[in-house]
Amino acid sequence: MSTIDIVIMAAGQGTRMKSQRPKVLHRLAGRPLLAYVLDGAAALGVRSVTIITGHGGAEVEAFCADWTRTGGATTPVQTVCQQPQLGTGHAVQQAAPLLPDDGVTLVLNGDVPLVRADTMRRLIDLCADRQIALLTVDTGEDAGAYGRIVRADDGERPVRAIVEARDATPAQRAITEWYSGVLAAPTRLLKKYLTLLTDDNAQREFYLTDVVRHAVAGGTLVQAMRIDDAVEVAGVNSPVQLAALEREVQRRHALRLMEGGVRLADPARFDLRGELDCGQDVEIDIGCVFEGRVSLGNGVRIGAHCVIVNARIEAKAVIHPFTHIDGGQNEVNVGAGALVGPFARLRPGARLGAEVHIGNFVEVKNSTLAAGAKANHLAYLGDATVGEHVNYGAGSITANYDGANKHRTVIEAGVHVGSNCVLVAPLTLGAGGTIGGGSTITRNTAAGALTVTRGRQISIANWRRPEKKKTGDPEV
Ligand code: UD1
Ligand code: MG
């Protein structure tokens with residue numbers, strides 16, 4: 001197989017997105033478009049990857065550097081700045097000096113995210129070191145703003161040209177086969193035809209697609225490899241196209257999960273923006289969003305409208321509706337058989353053991369709760385270590401922050417914290433102790449003791465509340 005060099009065009013302004021953000025950094029299912037293209041390229045095993053940057057270049061370059069650092073890229077990624085951006089042909093011209101003549105260049109559009117590595121490989125094979133190979137699609141429907149594939153009339157119908165929608169005659173506009181933005185060409189030929197481009201067209205740009213016309217005129221055969229799946233080659237040029245592709249990607253995620261046995265209440269109301277790993281008999285209700293890495297053990301049930309980010313949820317745990325779990329850099333762990341929510345919030349470093357209960361309006365951050373511990377209503381646990389079978393009363397909080405530093409609260413096994421307590425850290429509540437409701441605890445408590453810090457209750461008999469004056473009462 002030939003030596004492959006990849007060029008990814010990512011310099012365009014993305015005018016139709018009407019956004020400050022460079023188009024290739026807009027997110028599809030939680031990841032920048034360019035990340036998909038880079039992943040596809042990396043899967044091929046190539047000699048070099050060159051990314052053309054321009055509009056928002058610094059941001060795109062920072063993303064590429066980050067991707068190389070974290071993405072396990074085996075091929076170095078280099079960037080070339082295209083300034084000003086005079087079209088896709090002009091973009092590839094900028095990369096030409098970096099491309100050795102002996103290889104095949106695969107040109108990818110940074111805004112066409114879903115092309116499969118296998119498809120790219122077949123396209124390179126078709127190019128066979130001597131002809132230009134184009135990836136095209138024909139759905140039999142109007143090709144919108146895409147470039148039309150113009151073929152000769154003879155039986156073989158070889159490709160004669162790609163005509164951009166804005167330059168097409170009415171007859172050409174009616175052509176339903178369109179160019180995906182992906183081509184493979186022997187580098188020496190590509191370079192030769194790139195030098196012939198002009199900006200003599202509706203957009204006054206140097207079109208890469210004009211390489212085809214010049215190649216045909218120069219006696220180089222141009223082959224089209226037509227695929228049926230328009231989603232694989234869909235380009236993202238506008239918010240409408242981005243949202244349509246997002247739905248399609250989500251539909252595919254949902255199908256894959258359901259084929260693996262996951263019961264989604266409605267595949268059309270499901271969003272995965274990362275990786276979701278599910279055991280057997282997992283049920284997910286409508287409107288849930290999963291981000292980062294999430295794993296759900298056997299028999300886990302997720303109620304409606306939960307947002308779950310970077311978390312491991314073990315077997316038979318139940319997450320009730322409207323719960324927000326976000327592990328950030330520090331994965332949240334929910335133990336087997338735990339019950340969480342509705343309306344609960346688990347923040348980074350929350351680690352719940354088996355059968356833990358976290359109820360409505362309870363927030364847990366950087367805290368470990370051992371098996372069977374319960375905090376069922378309106379409470380905060382931050383920087384706490386909670387022992388087995390602790391019962392943490394409604395409205396109680398750990399005061400973990402003194403304005404400068406965070407401190408830990410240790411609540412040993414079997415402690416019962418009454419309602420509305422303030423536990424001022426650093427603090428240890430001894431095993432099996434009881435804290436009376438409404439107490440503010442500032443010192444460690446002994447195991448087994450009852451500790452109460454509120455004022456003693458007094459009653460004044462026959463207390464008469466003040467009364468409002470009636471009109472006509474004498475002024476005093
Ligand atoms: C392009 C093709 C069109 C094809 C479609 C597929 C051309 C002239 N047209 O149209 O035939 O059907 O893709 O999606 O190639 N870019 C640069 N520098 C520039 C201009 C663009 O790097 O000066 C980059 C963009 O960032 C983008 C890619 O090239 O990633 C394609 O540019 P875009 O303007 O989206 O071209 P389309 O109109 O989609
Ligand atoms: Mg485009």
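Every value quoted in this text rests on a predicted model; they were computed, and no experiment measured them. Both counts, for ligands and for their atoms, begin at 1 and track the order of listing.
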For atom 33 (P) of ligand 1, tell me which residue out of Ile52, Asp111, Ile51 has the closest non-hydrogen atom.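 Result: the heavy atom closest to atom 33 (P) of ligand 1 is in Asp111.
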Indicate, as side chain, backbone, both or neither, the part of [X] found under 4.0 angstrom from ligand 1 when only non-hydrogen atoms are considered.
X	answer
Val233	neither
Gln82	side chain
Arg16	side chain
Lys23	side chain
Glu205	neither
Ala145	neither

Using 2.8 Å as a strict upper limit, say whether an N, O or S atom of Asn109 approaches the Mg ion (ligand 2) that closely.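 False for Asn109.
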Quick one: which ligand 1 atoms are inside 4.0 Å of a heavy atom on [X]?
X	answer
Asn237	35 (O), 39 (O)
Tyr146	5 (C), 6 (C), 12 (O), 14 (O)
Tyr207	8 (C)
Thr88	7 (C), 8 (C), 15 (O), 20 (C), 21 (C), 29 (O), 31 (C), 32 (O)
Ala10	22 (O), 26 (O)
Tyr179	4 (C), 6 (C), 11 (O), 12 (O)
Gly147	3 (C), 4 (C), 11 (O), 12 (O)
Ala91	17 (C), 18 (N), 22 (O)

Report yes or no: is the cationic atom of Arg31 (NZ for Lys, CZ for Arg) under 6.0 Å from the centre of the six-membered ring of Tyr36, at an angle within 45° of the ring normal?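 Checked: cation-pi criterion met.
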With rounding to the nearest 0.5 Å, note down the distance linking CG in Leu381 to OH in Tyr392.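 Result: 4.5 Å between the selected atoms.
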Any N or O of [X] that comes nearer than 3.5 Å to an N or O of ligand 1?
X	result
Asn109	yes
Met9	yes
Gly87	yes
Gly12	yes

Could you walk me through whether Asp5 and Thr105 pass side-chain hydrogen bond (donor to acceptor under 3.5 Å, both in side chains), step by step? CA-CA 5 Å; Asp5 296 290; Thr105 297; 5.3 Å; no
Which atom pair, heavy atoms only, marks the closest approach of Ile132 to Ala185?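 It is CG1-CB, 3.8 Å.
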Output the atom name for the N/O/S atom of Asp111 with the smallest distance to the Mg ion (ligand 2).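 The closest N, O or S atom of Asp111 to the Mg ion (ligand 2) is OD2.
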For atom 11 (O) of ligand 1, what is the closest protein heavy atom, and at what distance to 0.1 Å?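 Here the nearest protein heavy atom works out to Glu164 OE2, 2.8 Å.
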How about Thr209 and Glu164: does a side-chain donor come under 3.5 Å of a side-chain acceptor?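 Yes, side-chain donor-acceptor contact under 3.5 Å.
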Between Thr220 and Gln131, is any side-chain donor less than 3.5 angstrom from a side-chain acceptor?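 On atom types as modelled, these side chains do not qualify, holding no pair under 3.5 Å.
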Please tell me if atom 36 (O) of ligand 1 is touched by the protein, where touching means a protein heavy-atom distance below 4.0 Å.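 Within 4.0 Å: no protein heavy atom nearby.
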